[in-house]
Q: 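Just passing along the structure, written as structure tokens.
These numbers come from a predicted model, not from an experiment.
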Amino acid sequence: MHLAGTAIRLFAASFLLAPFAFSQGTWTHIPFNALPSTCIMFSIAAAPSNDIYLGRSGSLERFDGTRWSRAYYDTSGFGNYGQFDIRELRFGNGVVWAATNCGLVKCMPGSSVLYMPGRTAGMHEHHLRGLTLDSKGRPWFMSWISAVSHLDTGPDTVCNHMLSHDIPGPFNVDAALFADARDRLWWYAGTTAIVRFENDSVTLFDSTNVPALKGCEVKNLWVDTTGGIFIVLRRGLLRCVDAGATLTCTVLNPPAGMLEANEFLNLVTRDDTRSIWVTVNTDLGMGIQGHKILRFDAAGKWTRFDYPVVQGDSNLAVVDFCVDHSGRVWLAAQTAGIHVLTPAT
């Protein structure tokens, strides 16, 4: 595989520090000047085709396995709204859906559609802060209004499911928004609670009905259509089973020595082997840095991968990451381009 003439760094250390492995794999660096633009990066995602899409400010870019290029979308009809920030990406039925600060964008070969207030019936807010697709391929999203919404096509209309003001929503952060196998929605929006939404009924999961959350700081959430529910805490994971009025949780903490005292877990995703990946941030008191990523695999083993050194520094300001269908981990680093980890087998 050729990644646009990038430099390759090898990290061959493979000794075992039981019960976890340390820094196994190959890192590839894709610098900013090897990408189609230098705009601010917000999101990165792997399509079913294994193409990698990068959401930026006013630019959607794609790596097709050989080269990077501007993706197939046209904003010429968007007027002053062409320079939007692509904050979330989802894929369904040959369509790339993008949640932006100017509305919802539907990207198809040769054409694009922008759904926003004034253009789309029922759409009242253009700052989108969460996106997922249900089993029918319909986009569901959240915004600054107290609602979870979905787009019905034919005719294009947004249906808003209003929420009471005490339900946590993404008012100043992006929501981690998911649809499970039963098309129930789940989200986390920077609070101490996880939310489940089904048939206009909302259930909050917090320390009052989930004992495992007592005294814990929630950092993120992952829910998928295979039944996986993972809550990311500051220093570990909870693997959860939906028990109706509560969540039954198993604690999955990294082994002693894997995290420093001032480190905490942050972003999360799950790969095709059902391994969970989480980025690690370091709280320096005067700022946040990041130097490593962890994997918890289906066999129950934790593995730590330290970030490569770039220009004398291993701190990567990772804004988003994904794992493609070949098992490579793609990290979009705001200050250092893209880094790709190919884990050792």
Side-chain angles (χ1 to χ4, degrees), residues 88 125 128-132 134 140-150 160-256 259 261-270 274 276-281 283 288 294 296 300 302:
E88 294 281 350
E125 172 56 53
L128 302 195
R129 290 294 184 265
L131 176 66
T132 192
D134 64 19
W140 289 76
F141 54 90
M142 303 187 75
S143 65
W144 287 355
I145 66 173
S146 296
V148 59
S149 309
H150 73 267
N160 299 296
H161 304 261
M162 303 308 296
L163 304 171
S164 63
H165 290 287
D166 60 337
I167 302 300
F171 302 113
N172 56 7
V173 297
D174 290 342
L177 179 64
F178 304 91
D180 65 17
R182 294 165 54 184
D183 280 342
R184 298 177 301 178
L185 300 184
W186 298 75
W187 68 82
Y188 163 74
T191 68
T192 59
I194 304 298
V195 183
R196 185 186 65 204
F197 176 86
E198 180 180 17
N199 297 327
D200 289 325
S201 176
V202 172
T203 302
L204 288 179
F205 297 106
D206 56 21
S207 59
T208 62
N209 56 359
V210 182
L213 291 177
K214 188 173 183 179
C216 294
E217 180 182 352
V218 178
K219 302 298 293 185
N220 220 318
L221 173 70
W222 179 266
V223 179
D224 57 42
T225 57
T226 66
I229 303 173
F230 292 86
I231 299 175
V232 181
L233 305 177
R234 185 175 181 87
R235 302 283 293 182
L237 296 175
L238 295 177
R239 180 168 54 199
C240 305
V241 176
D242 185 0
T246 188
L247 298 175
T248 303
C249 302
T250 301
V251 178
L252 306 172
N253 286 337
L259 294 176
N262 61 342
E263 291 182 327
F264 61 92
L265 305 183
N266 187 29
L267 305 175
V268 61
T269 193
R270 200 179 192 191
R274 299 193 177 186
I276 288 288
W277 293 81
V278 285
T279 62
V280 178
N281 281 359
D283 187 350
I288 302 296
L294 308 182
F296 180 78
W302 287 91

Q: State, to 0.1 Å, how close Gly236 and Pro254 come at their nearest heavy-atom pair, and which atoms those are.
A: CA-CD, 3.8 Å
Q: Please identify each residue that fulfils side chain to side chain contact (heavy atoms under 4.5 Å, CB included) with Asp166, with sequence neighbours left out.
A: Ser164
Q: Name all residues meeting the side-chain hydrogen bond (donor to acceptor under 3.5 Å, both in side chains) criterion together with Thr191; count only those two or more places apart in sequence or in a different chain, and write none if there are none.
A: none
Q: Are Val280 and Glu263 side-chain neighbours, meaning at least one heavy-atom pair lies under 4.5 Å?
A: yes
Q: Against Cys240, only a single residue in Asp242, Leu238, Leu237 fulfils side chain to side chain contact (heavy atoms under 4.5 Å, CB included); can you say which?
A: Leu238
Q: Is any side-chain heavy atom of Leu259 less than 4.5 Å from a side-chain heavy atom of Arg235?
A: yes
Q: Using the six-membered ring wherever Trp is involved, compare the ring planes of Phe178 and Trp222 and label them parallel, tilted or perpendicular (cut-offs 30° and 60°).
A: perpendicular
Q: Can you measure from CG (Leu131) to CE (Met142) and round to the nearest 0.5 angstrom?
A: 12.0 Å
Q: Can you spot which of Asp200, Asn199, Val202 makes a side chain to side chain contact (heavy atoms under 4.5 Å, CB included) with His161?
A: Asp200
Q: Decide yes or no for Lys219 and Asn281: does some side-chain heavy atom of the first lie under 4.5 Å from some side-chain heavy atom of the second?
A: no
Q: Taking the side chain as C-beta and beyond, is there a heavy-atom pair between Leu177 and Phe197 under 4.5 Å?
A: no
Q: Under the rule for side-chain hydrogen bond (donor to acceptor under 3.5 Å, both in side chains), what residues qualify as partners of Asn266, not counting sequence neighbours?
A: none
